[in-house]
Amino acid sequence: MFQPLTPRKWFAILGVIAVMLILPLVTQDTYLLHVLILAMIFGIFASAWNFVTGFAGIKTFGHHAFFALGAYASALIGINIGLSPWLTIWIGGLIAAVAGLFIGLPILRIRSMPHVAIVTLGFAEIVRITLSNLTEITRGELGLWGIPVFESFTLPGVGEVVFSPANKLPYYYLALVLLLLSLLVITMLMRSRTGLSLIAMRDAEDAAQSLGVNLTRQKLQVFVISSFLVGVAGAFYAHYITILTPMAVAGVDLMILIIAMVLVGGLGTLTGPIAGALLLMILVEFLRDIDTFRMLVYGAIIILSVMFLPKGLVTIGQNLTRSPKAKARESD
């Protein structure tokens with residue numbers, strides 16, 4: 001069940017937010033900010049995938065398709081039509097949500113989760129191949145460049161806020177705002193009747209249906225919302241990196257990375273995917289010299305997490321503070 005936030009957890013969350021807000025004022029190291037921005041982008045992705053898989057129990061392995069669709073849609077609209085990225089990131093999210101509705105309508109009626117996983121993975125591969133072959137539009141693996149950056153604006157009391165590759169600070173705070181908004185949406189949904197329905201549906205579909213839960217509608221709703229959040233993350237990624245290739249945003253290694261983030265941090269928890277995203281992004285930077293073998297490392301991390309820390313990093317504190325009697329009852 002989605003655990004309510006105790007006063008201790010509220011203080012911890014507010015403390016983390018305060019640290020994130022103050023950190024760029026303490027150090028403006030460009031490389032550190034870049035890693036943190038990527039961690040927040042993929043933290044949104046991981047949280048949205050955890051929302052549909054960890055909370056709703058829908059096993060989907062193709063969510064990177066929505067990341068790619070949001071990224072390319074926002075970038076191409078900005079390049080060809082000239083709309084502002086402040087608008088196109090939301091359009092990219094909506095296009096990803098429509099794609100989620102399109103693929104979700106036929107497959108979410110299926111109760112066999114392995115079939116859902118395979119179909120979504122196949123859909124993502126179709127998206128990747130399509131983006132690679134539409135060279136006149138996407139430039140394929142040569143890379144889509146010339147993606148516009150966010151326009152500058154004037155903030156009262158701060159002055160002009162300029163987005164440029166050399167200035168990571170505005171991107172950092174914008175990524176933080178998007179991450180907090182995503183977590184707020186997920187939290188509000190999980191604390192509502194919808195959240196109770198999702199937990200019931202995940203744990204026992206037949207029992208949930210007998211209590212009046214419309215399984216198909218609930219699955220479709222959470223799938224579309226998750227697709228939208230992933231699409232927005234992809235769109236922001238496009239205007240931050242300013243160059244896209246199909247393998248970078250629609251490759252299966254990206255989905256494996258996201259799965260590793262969620263499993264390491266804690267599947268079915270609110271803050272687990274964020275912790276996993278931060279840890280894995282730091283690890284990715286260390287593994288750049290062994291690029292070919294990164295997938296082996298991700299696989300080893302997933303296996304070790306499932307074996308020795310099945311509930312994720314966020315449960316370490318709970319395990320340390322639990323009484324021996326409680327641990328004994330769980331082992332029984």
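Just so you know, these numbers come straight off a predicted model, no measurement behind them.
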Mind checking ring-ring contact (aromatic ring centres under 6.0 Å, His included) for F223 and listing every partner two or more places apart, or none if nothing turns up?
H63, F66
Pick from V230, V222, L270: which one makes a side-chain contact (heavy atoms from CB on, under 4.5 Å) with F51?
V222
Above 12 or not: heavy atoms from other molecules or residues under 6.0 Å from CZ of F102?
no
Below 4.5 Å, heavy atoms only, C-beta onward: do T88 and P85 meet side chain to side chain?
yes
Hey, are the side chains of L144 and I79 touching, using non-hydrogen atoms and a 4.5 Å cut-off?
yes
Any donor-acceptor pair under 3.5 Å linking the side chain of N133 with the backbone of G140?
no
Scan the side chains in residues 30-39 for donor-acceptor partners under 3.5 Å anywhere in the protein, sequence neighbours excluded, and list what turns up.
from: Y31; atom 1: OH; to: E285; atom 2: OE1; distance (Å): 2.9
from: H34; atom 1: ND1; to: Y240; atom 2: OH; distance (Å): 2.6

Given side chains that start at C-beta, do those of E205 and K219 come closer than 4.5 Å, heavy atoms only?
yes
Filter on ring-ring contact (aromatic ring centres under 6.0 Å, His included), then keep only pairs touching residues 177-201, sequence neighbours left out; what's left?
none
Least distance between heavy atoms, A124 atom then A65 atom
CA-CB, 3.6 Å
Got D253 and L257 here, is their nearest side-chain heavy-atom distance under 4.5 Å?
no
By ring-ring contact (aromatic ring centres under 6.0 Å, His included), which residues pair with F61, not counting sequence neighbours?
none
Applying a strict under-4.5 Å side-chain criterion to I, L, V, M, F, W and Y, I'd like to know whether F67 and L101 cluster together.
yes
Looking only at non-hydrogen atoms, find the nearest pair between G143 and T245 and report the distance.
CA-CG2, 3.8 Å
Donor-acceptor contact present, side-chain T120 to main-chain A117, <3.5 Å
yes
Residues in ring-ring contact (aromatic ring centres under 6.0 Å, His included) with Y173, at least two apart?
none
With side-chain contact (heavy atoms from CB on, under 4.5 Å) as the test, would you mind laying out the steps for L131 and L244 before giving the verdict?
CA-CA 10 Å; L131 292 174; L244 294 174; over 6 Å; no
Checking the side chain of T53 only, and the main-chain atoms of I58 only, is there a donor and an acceptor separated by less than 3.5 Å?
yes
Report yes or no: do V98 and I126 belong to one cluster of Ile/Leu/Val/Met/Phe/Trp/Tyr joined by side chain heavy-atom distances under 4.5 Å?
no
Tightest non-hydrogen contact, residues G234 and A71, listed as O-CB, 3.2 Å
Decide whether L76 and L87 are clustered together by the hydrophobic rule: side chain heavy atoms of Ile, Leu, Val, Met, Phe, Trp, Tyr closer than 4.5 Å, transitively.
no
Kindly write out the residues that satisfy ring-ring contact (aromatic ring centres under 6.0 Å, His included) with F228, not counting sequence neighbours, or none if the list is empty.
none
Just do the side-chain contact (heavy atoms from CB on, under 4.5 Å) check on S47 and L229 with the steps written out, would you?
CA-CA 9 Å; S47 296; L229 294 176; over 6 Å; no
So V213 and Q218, side-chain contact (heavy atoms from CB on, under 4.5 Å) or not? Walk me through it.
CA-CA 8 Å; V213 176; Q218 290 292 345; 3.8 Å; yes
Can you tell if the side chain of L183 reaches within under 4.5 Å of the side chain of I274, non-hydrogen atoms only?
yes
Can you establish whether the number of heavy atoms outside E136 located under 6.0 Å from its atom CD is more than 12?
no
Within 6.0 angstrom of M188 CE, more than 12 heavy atoms from elsewhere:
no
Strictly distance-based, threshold 3.5 Å: is any side-chain N or O of N50 a donor or acceptor partner for the main-chain N or O of V262?
no
When you look at T135 and L142, which way does the side-chain contact (heavy atoms from CB on, under 4.5 Å) test go after all the steps?
CA-CA 8 Å; T135 53; L142 293 176; over 6 Å; no
State whether the side chain of R139 and the backbone N or O of W145 hold a donor-acceptor pair below 3.5 Å, judged by distance alone.
yes
Do the non-hydrogen side-chain atoms of M261 and M281 ever get within less than 4.5 Å of each other?
yes
Please check if the distance between the ring centroids of W90 and F236 is under 6.0 Å.
no
Show the numbers, then the answer: is there a side chain to side chain donor-acceptor pair (under 3.5 Å) between E151 and S84?
CA-CA 7 Å; E151 289 94 345; S84 167; 2.6 Å; yes
Should F45 and Y237 count as side-chain neighbours, where that means a heavy-atom distance under 4.5 Å?
no
Look only at the side chain of S192 and the backbone of L189, and say whether a donor-acceptor pair between them is shorter than 3.5 Å.
yes
Does some side-chain heavy atom of I44 sit less than 4.5 Å from a side-chain heavy atom of V232?
no
Considering the options F163, Y171, F150, which one meets the ring-ring contact (aromatic ring centres under 6.0 Å, His included) requirement together with H239?
F150
Is the backbone N or O of T60 less than 3.5 Å from a side-chain atom of W49, with the two atoms forming a donor-acceptor pair by type?
yes
